[in-house]
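Just so you know, these numbers come straight off a predicted model, no measurement behind them.
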Amino acid sequence: MVYAIVKTGGRQEKVSVGSIVVTNRIDGEAGDKVELEPIMLVDGDKITTAADGISAKVTAEIVRDEKGPKISIVKYKNKTGYRKRQGHRQPLTRLKVLEIA
């Protein structure tokens, strides 16, 4: 089993060939190919880290852009009549890993 730990969108994700990863928005259209930065590569019993120098590349394809769940932000101060409501939906990109080579 070959898998890699990649750094994308400020997070680290464990990916293998064919896996789907949801990360922060990446510029590009659906169908574009993106290279992800591998931090660690596991190939059976052999483990290679970035400190050892990874020569492998992780290639992914942009499946689609989407939005995350709605987050409600409510601010309230007692006895002053101050109320503020705000919402946020994080822009995300869904990626499909094509190869680890």
Side-chain angles (χ1 to χ4, degrees):
M1 174 93 184
V2 177
Y3 67 90
I5 308 294
V6 296
K7 182 177 180 182
T8 176
R11 289 178 286 193
Q12 295 177 6
E13 301 278 346
K14 177 182 174 183
V15 298
S16 58
V17 176
S19 65
I20 302 290
V21 178
V22 178
T23 183
N24 286 347
R25 181 66 51 93
I26 296 175
D27 291 334
E29 299 294 322
D32 289 351
K33 295 194 179 359
V34 179
E35 294 226 350
L36 303 176
E37 177 186 345
I39 295 175
M40 185 169 72
L41 179 69
V42 178
D43 187 8
D45 294 332
K46 185 179 176 188
I47 299 173
T48 309
T49 62
D52 299 336
I54 298 176
S55 60
K57 295 184 193 292
V58 177
T59 306
E61 177 184 17
I62 297 176
V63 177
R64 68 174 180 259
D65 290 332
E66 53 189 50
K67 289 185 178 181
K70 178 83 169 200
I71 297 173
S72 294
I73 302 156
V74 180
K75 295 181 180 180
Y76 172 78
K77 291 201 177 185
N78 195 14
K79 300 178 186 172
T80 62
Y82 175 76
R83 292 183 179 132
K84 182 177 180 183
R85 293 183 63 182
Q86 186 178 357
H88 176 74
R89 292 187 72 185
Q90 183 71 26
L92 302 172
T93 299
R94 185 173 294 264
L95 302 172
K96 181 176 182 180
V97 178
L98 299 176
E99 69 174 338
I100 299 174

- line: Shortest non-hydrogen pair, V63 vs A30, comes out as O-CB, 3.4 Å
- prompt: Could you state the interatomic distance from CG (L98) to NZ (K33), rounded to the nearest 0.5 Å?
  reply: 5.5 Å
I5: hydrophobic cluster co-members (side-chain, 4.5 Å): M1, Y3, M40, V42, I47
Side chain to side chain contact (heavy atoms under 4.5 Å, CB included) assessment of L36 paired with E13: CA-CA 10 Å; L36 303 176; E13 301 278 346; over 6 Å; no
- prompt: T59 and E35: which non-hydrogen atoms are nearest, and at how many Å?
  reply: OG1-OE2, 4.2 Å
task: Evaluate the criterion side chain to side chain contact (heavy atoms under 4.5 Å, CB included) for residue pair I62 and E29; output intermediate values, then yes/no.
output: CA-CA 7 Å; I62 297 176; E29 299 294 322; over 6 Å; no
message: Please report the interatomic distance CZ(R64) to CG(L92), rounded to the nearest 0.5 Å.
response: 10.5 Å
field: Spacing of CZ belonging to R83 relative to NZ belonging to K77, to within rounding of 0.5 Å
entry: 14.0 Å
Residues, nucleotides or ligands: over 12 heavy atoms within 6.0 Å of D27 CG: no
message: Please report the interatomic distance CZ(R25) to NZ(K67), rounded to the nearest 0.5 Å.
response: 8.5 Å
query: Who are the side chain to side chain donor-acceptor pair (under 3.5 Å) partners of T48, not counting sequence neighbours?
result: none
- prompt: Between the main-chain N or O of P69 and the side-chain N or O of R89, is there a donor-acceptor pair closer than 3.5 Å?
  reply: no
- prompt: Same cluster for V15 and V17 if Ile/Leu/Val/Met/Phe/Trp/Tyr side chains link at under 4.5 Å?
  reply: yes
Minimal non-hydrogen separation, G28 against D65, with atom names: O-OD2, 4.2 Å
message: Looking at every non-hydrogen atom in both residues, tell me the closest pair between A56 and P38 and how far apart they are.
response: O-CG, 3.6 Å
Which atom of A50 lies closest to which atom of I54, heavy atoms considered: N-CD1, 3.8 Å
message: Starting from V97, can I reach V2 by hopping between I/L/V/M/F/W/Y residues whose side chains sit under 4.5 Å apart?
response: yes
- prompt: How close do S16 and I100 get, heavy atom to heavy atom, and via which atoms?
  reply: CA-CD1, 4.0 Å
message: Nearest 0.5 Å, please: how far is NE2 in H88 from OG in S72?
response: 12.0 Å
K75 backbone acceptor or donor facing R85 side chain under 3.5 Å: no
task: Would you please test N24 and R11 for side chain to side chain contact (heavy atoms under 4.5 Å, CB included) and show each step?
output: CA-CA 9 Å; N24 286 347; R11 289 178 286 193; 3.7 Å; yes
query: Can you tell me how far NZ of K96 sits from CD of E61, rounded to the nearest 0.5 angstrom?
result: 7.5 Å
- line: Per side-chain contact (heavy atoms from CB on, under 4.5 Å), T8 is matched among I26, V34, V58 by I26
